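These figures come from a predicted structure and were not determined experimentally. Every chain is numbered from 1, with letters handed out A, B, ... down the list of sequences.
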Amino acid sequence: MPELPEVETIARWLREGSPEGPALLGRTFQAVEVLWPRTLAAPDPATFIARLPGRRVTAIGRRGKFLRIWLDDGAVLLLHLRMSGDLRWQPPPAAAPHPHDRLVFHFADGWRLGFNDPRKFGRVWLVNDEQTVLGDLGPEPLDPAFSAEDFYARLRRSRTRLKALLLDQRFLAGLGNIYADEALFQAGLHPLRPAHTLTPPEAERLFHAIRQVLQAGIAHHGASIDWVYRGGDFQNHFAVYRRAGQPCRRCGTPIQRLVIGQRGSHFCPHCQPPPEG
DNA sequence: ATGAAATCCTGGGGGC
DNA sequence: TGCCCCCAGGATTTCA
């Protein structure tokens with residue numbers, strides 16, 4: 001599941017080039033194939049196919065879990081990988097698309113960049129004003145301007161359980177199931193704690209834990225789980241995620257799994273004491 | 001306001 | 001070995 005660290009890794013590789021392929025930055029689109037139209041959130045396929053050729057990539061970045069590719073006509077290509085999305089370079093000569101390619105971008109030198117997405121949940125937008133898509137996102141966790149005080153103030157406004165709140169992209173942008181569980185463990189906070197019950201020290205602990213796990217994830221080039229492989233190895237450093245029944249690395253108590261807000265949640269019942277009731 | 005449930009999808013895992 | 005069933009998981013939409 002690509003979350004903030006995985007998307008950040010992909011953005012860097014597209015910007016700088018990687019062992020898997022060249023940089024996307026500075027390239028000009030020659031053509032685009034739409035193999036699964038529902039991947040395209042906006043505009044409609046005909047408009048998309050007509051508009052992209054000739055456009056040059058001027059910058060590449062990230063907001064939350066969205067990949068942002070700015071074009072020389074002022075438009076922005078936004079990609080959300082959701083569950084199983086990935087971007088894969090294919091070198092020339094031309095060959096059949098990969099089995100789960102939904103969009104394929106073509107370049108003049110024969111390289112192709114495929115938006116590959118087995119589960120078809122990923123979405124792509126080509127818009128003039130990115131705010132129409134990104135407008136409701138919460139703060140960037142790693143933004144230097146975002147402070148522990150801001151975070152505490154936001155927590156106090158919600159009675160929602162911590163786990164569900166951390167996954168709400170309007171509350172905070174970029175966390176998914178893996179990093180939410182890891183951050184809660186790191187902070188020693190139970191996923192069922194109502195957000196407004198956190199003390200200022202607890203909020204500060206969670207704030208720093210979130211930043212720490214995200215930065216660790218980025219340093220490891222993200223996590224490679226299931227069949228989504230980005231070359232990262234953070235999956236070998238999980239403290240709780242998908243470790244139900246295995247001993248807590250800190251105290252040895254078996255890790256528990258609970259479904260919260262339809263999401264599997266993993267935690268140590270000893271290091272993360274449950275709320276009252 | 002809050003949250004639960006349904007929805008979209010398919011590869012993979014468990015059960016037999 | 002193979003078949004069937006069911007499930008995870010992000011985000012949105014709908015229902016209670």
A:H100 side-chain N/O to B:dC9 phosphate OP1/OP2 under 4.0 Å: no

Phosphate-side-chain proximity, A:R38 and B:dC9, N/O vs OP1/OP2 below 4.0 Å: yes

Looking at A:R27 and A:D109, is any side-chain nitrogen of the basic one under 4.0 Å from a carboxylate oxygen of the acidic one? yes

Base, sugar-phosphate, or nothing: which does A:F171 touch, judged by heavy atoms less than 4.0 Å apart? nothing

With distance as the sole criterion, do the side chain of A:R161 and the base of B:dG3 form a donor-acceptor contact below 3.5 Å? no

Per-pair stack call A:F121 and C:dG9, 5.5 Å, 30°: no

Does a side-chain N or O of A:R157 approach OP1 or OP2 of B:dT2 to a distance below 4.0 Å, or not? no

Under the side chain to side chain donor-acceptor pair (under 3.5 Å) test, residues paired with A:R62 that sit two or more places apart: A:E8, A:E140

Below the 4.0 Å mark, does C:dG10 have OP1 or OP2 next to a side-chain nitrogen or oxygen of A:R263? yes

Out of C:dG10, B:dC9, B:dT2, which nucleotide sits closest to the side chain of A:R119? B:dC9

Report which part of the nucleic acid A:Q262 touches: base, sugar-phosphate, or nothing (heavy-atom distance under 4.0 Å, all strands). base

Between A:Y241 and C:dA8, does any side-chain N or O lie under 4.0 Å from OP1 or OP2? no

Would you indicate what A:R123 reaches in the nucleic acid, counting non-hydrogen atoms under 4.0 angstrom: base, sugar-phosphate, or nothing? nothing

Nearest atoms (heavy-atom pairs only) where A:A244 meets A:R257: CB-CB, 3.8 Å

Between A:P194, A:S158, A:P191, which is the residue that forms a side-chain contact (heavy atoms from CB on, under 4.5 Å) with A:L165? A:S158

Under 4.0 Å between a side-chain N/O of A:K65 and OP1 or OP2 of C:dG10, yes or no? no

Is the distance from OP1 or OP2 of B:dC9 to the nearest side-chain N or O of A:S84 less than 4.0 Å? no

Examine C:dA8: is either OP1 or OP2 under 4.0 Å from a nitrogen or oxygen in the side chain of A:R82? Give yes or no. no

